[in-house]
Structure formats: structure tokens, C-alpha cells
Amino acid sequence: METKKKLKSSTAYLFNCYIWLLNTIARGPISRAAIDEKWAHANANEYKQDYLPESNFHRWKTTVELLFEVKIKCNGNNEYYIEEATDLRNADLRGRLLNLMSMDSLLKDTKELSDQILFEPIPSGEKFLAPIIEALRDKTAIEMTYQGFTKDYPATFIVEPYCLKMFKRRWYMLAHSVGRDKTLIYSLDRVHALEPTTQKYQLPKDFDAEFYFRNVYGVSGMEDQPQEVEIKIEAYQANFLRSLPLHPSQTEIERQEQYSIFRYNLVPAFEFKQELRKHGSVLEVLKPQWLRDEFRKDIEYQLSKYQN
């Protein structure tokens with residue numbers, strides 16, 4: 001058990017080091033001497049080293065290149081830089097994850113700003129990100145102890161991670177459950193324990209994480225067929241949808257002084273319906289008819305609670 005605890009600690013420590021090195025070089029070009037100077041004062045430097053050992057630098061550099069699919073180069077002035085660094089923070093899952101990790105690393109190294117930059121708390125599942133990312137990188141299965149909200153007790157089983165997705169302040173892992181032979185979504189805040197294994201696996205050849213979630217808002221309904229959904233929303237609230245669309249398929253098909261109509265092509269599953277309900281009386285579902293009827297019944301039921 002002690003060995004497993006050390007492994008977890010080492011994994012988290014190394015991942016923090018990878019993020020630190022990536023951030024440091026991404027701001028470059030930067031010399032090795034400058035990297036050493038920054039490392040001496042870095043929050044990630046838990047062992048308080050005066051410099052970054054050469055062997056660690058080259059090992060971490062290689063891992064960063066593999067993990068984040070970047071190329072770290074050295075110019076004629078013996079300064080390190082990331083080739084095509086502008087592509088680092090693109091809109092894919094890796095880019096979003098990197099943005100989150102980078103911000104966390106930056107804030108730890110600028111503690112004086114900690115009371116001026118506020119974040120919403122994320123459930124405890126965040127601590128499992130590092131070992132899952134390493135499993136994704138190495139294509140190794142993990143042993144997970146997990147308890148869903150509807151279960152009375154946790155179960156331990158083997159999963160093969162396919163991707164990570166953040167939604168509504170929670171991290172989710174899409175993974176193939178070996179015992180059940182199903183691809184399922186797991187919320188990391190419901191994970192009790194997670195251990196790496198040496199068991200190798202291969203992603204399905206045609207798997208694409210962004211394509212897999214293309215028709216949904218959230219993390220449910222991926223296997224269902226998308227439908228055309230139209231909503232009518234009051235003008236002032238429409239500004240929020242314009243500035244932050246609910247889904248890539250969002251299209252504003254009508255804009256009037258008092259209201260706008262938006263169209264979506266997606267699976268109207270639980271998370272999407274909950275998001276629409278948040279807008280209350282300023283939003284009206286126009287189609288499909290079954291969804292409009294469902295919302296009408298919800299309103300009638302809610303009204304019945306206030307009759308007395």
C-alpha cells in the first residue's frame with residue numbers, strides 16, 4: 001500500500017513539473033540558465049533544488065513533447081522555444097485542459113494574486129486527472145473503485161480510458177469498461193480510488209473524442225439521434241446565448257425587438273433540457289412538439305405546487 005501511495009504522489013508531482021516546464025518554455029525563447037533560475041523559485045519545485053538537473057530537463061522535455069504533441073527546439077542563441085506555440089491552446093480537449101492546468105500553475109507561482117482571481121470550486125475528482133492523463137498517453141488500463149449516485153456501495157473494476165471532458169465544473173472520463181464490454185461515462189468526483197495497471201489497450205481506430213460528443217450538450221445521449229430544436233427567448237436574454245452558444249449547431253433564425261428564435265441540431269437529453277429550464281418564463285420551446293409538451297406539463301406541475 002505504501003508503494004501505491006508513493007506512486008500517486010510521484011505521478012502528480014511529475015505532471016506539475018511537465019506543466020511548469022511547458023509554460024516556462026512557451027513564454028520563451030529561454031536559455032537553460034534562465035530555466036534554472038525560474039526553477040529555483042517555482043512552486044512545482046517541491047524539493048527546493050537550486051537548479052534543474054540536466055537529466056531531468058531532457059527527460060521532462062521529451063515527455064512534454066509526447067504528452068502535449070509539441071516540438072521544443074533550440075535556436076542559435078542556445079535558447080529553447082516551442083515550435084508553432086500559437087497552436088498550443090487551440091479549441092480541442094487537449095488545449096482546454098492545458099489552459100486550465102497552465103492557469104493553476106501560474107497562480108501557484110504568483111501567490112500574491114490569489115485573493116484577486118476567483119474560481120468556482122471543482123469537486124474532488126480533479127486529483128485523478130494526472131494518472132488518467134498518463135494512462136491516456138501510455139494506453140494502459142486503470143483499476144477504478146467507483147460509486148454512482150444510484151448505488152449503495154462502490155465497485156472496483158478495470159477500465160480503458162478514451163478521453164476526458166469537463167462539463168459544469170465536473171470532470172468526466174469516457175472509458176471502456178472491460179468487464180461489462182461497454183463504453184461509459186464516469187464522473188471523477190464519484191471515484192473512490194484509482195490505480196494504474198500494466199495492461200495495454202488500443203483505442204478504436206475510428207474514435208474521435210470531439211466527434212463522439214458532437215450531437216450533445218453535456219455528457220449524455222451520445223448514442224441517440226439528433227433532432228431539430230427551436231426555442232424562443234426574450235431579447236435581453238438572447239444576448240447571453242449569442243455571446244456563449246449552448247452548442248456548435250446554434251443558429252439564430254429570427255431576431256425581433258422583443259425576442260429571438262434559436263435553432264439547434266442535437267440530442268435534447270437531460271443536460272440540455274435542464275439548461276433550457278434555467279431560463280424560466282423568458283424561454284419557450286417551439287419544437288419538437290414532444291419537447292414542447294414535456295415543458296408544458298412541467299409548468300403545470302410546478303404551478304400546482306403554488307395553488308394553496
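- Proximity of the aromatic rings of Tyr51 and Phe57 is defined here by a centroid distance below 6.0 angstrom, and this criterion is not met.
- Applying the 6.0 Å contact sphere to NZ of Lys38 captures no more than 12 heavy atoms from other residues, nucleotides or ligands.
- At a cut-off of 3.5 Å, with distance as the only test, a side-chain donor of Ser220 or Glu271 sits close to an acceptor on the other residue.
- In the displayed structure, Gln225 atom CD is contacted under 6.0 Å by at most 12 heavy atoms of other residues, nucleotides or ligands.
- With a 6.0 Å cutoff to the six-membered ring centre and a 45° limit on the axis angle, Lys165 counts as a cation-pi contact of Phe213.
- Ala141 and Thr197 make their closest contact through O-OG1, 2.7 Å (heavy atoms, listed as atom of the first residue, atom of the second, distance).
- Between Lys139 and Glu160 there is no salt bridge, since no side-chain nitrogen of the basic residue lies less than 4.0 Å from a carboxylate oxygen of the acidic one.
- For Tyr47, the ring pair (Phe, Tyr, Trp, His ring centres under 6.0 Å) criterion is met by Tyr13, not counting sequence neighbours.
- Side chain of Gln147 to backbone of Lys151: a donor-acceptor contact under 3.5 angstrom is found.
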Practice item. Just do the side chain to side chain contact (heavy atoms under 4.5 Å, CB included) check on Leu276 and Val285 with the steps written out, would you? Key: CA-CA 9 Å; Leu276 296 186; Val285 174; 4.3 Å; yes
Practice item. Would you check, one step at a time, whether the test side chain to side chain contact (heavy atoms under 4.5 Å, CB included) holds for Thr140 with Gln199? Key: CA-CA 5 Å; Thr140 51; Gln199 181 179 322; over 6 Å; no
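- The line from CG of Asp36 to OG of Ser31 is 8.5 Å long, rounded to the nearest 0.5 Å.
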Practice item. List the steps and the verdict of side chain to side chain contact (heavy atoms under 4.5 Å, CB included) for His176 and Tyr162. Key: CA-CA 7 Å; His176 176 247; Tyr162 282 7; 3.5 Å; yes
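- Relative to the ring axis of Phe295, Arg277 places its NZ or CZ within 45° and under 6.0 Å from the centre.
- Looking at Gln289 and Asp293, their side chains do bring a donor and an acceptor atom within 3.5 Å of each other.
- Between the side chains of Tyr212 and Glu223, a donor-acceptor pair is found at a separation under 3.5 Å.
- For Glu275, the CD atom sits in a packed shell: over 12 heavy atoms of surrounding residues, nucleotides or ligands are nearer than 6.0 Å.
- By the 6.0 Å contact criterion, CD on Glu300 is enclosed, its count of non-hydrogen atoms from other residues, nucleotides or ligands being greater than 12.
- Between Tyr186 and Tyr146, the distance separating the two ring centers is shorter than 6.0 angstrom.
- Although no hydrogens or angles enter the test, the distance criterion places a donor-acceptor pair under 3.5 Å between the side chain of Asp208 and the main chain of Glu210.
- With 3.5 Å as the limit, one finds no donor-acceptor pair spanning the side chains of Glu65 and Trp60.
- Because its NZ or CZ atom is not both nearer than 6.0 Å to the ring centre of Phe157 and within 45° of the ring axis, Arg180 does not count as a cation-pi partner of that residue.
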Show every donor-acceptor pair shorter than 3.5 Å between a side-chain atom in residues 259-266 and any protein atom, with sequence neighbours excluded, or say none if there are none.
unit_1	atom_1	unit_2	atom_2	d
Tyr259	OH	Glu254	OE2	2.9
Ser260	OG	Arg242	NH2	3.0
Ser260	OG	Glu252	OE2	2.7
Arg263	NE	Glu230	OE2	2.9
Arg263	NH2	Glu230	OE2	2.7
Tyr264	OH	Gln250	OE1	2.7

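- Under 3.5 Å, the side chains of Glu54 and His58 contain a donor-acceptor pair of N or O atoms.
- By the neighbour-count criterion of 12 heavy atoms within 6.0 Å, atom CZ of Phe240 is sparsely surrounded, having that number or fewer from other residues, nucleotides or ligands.
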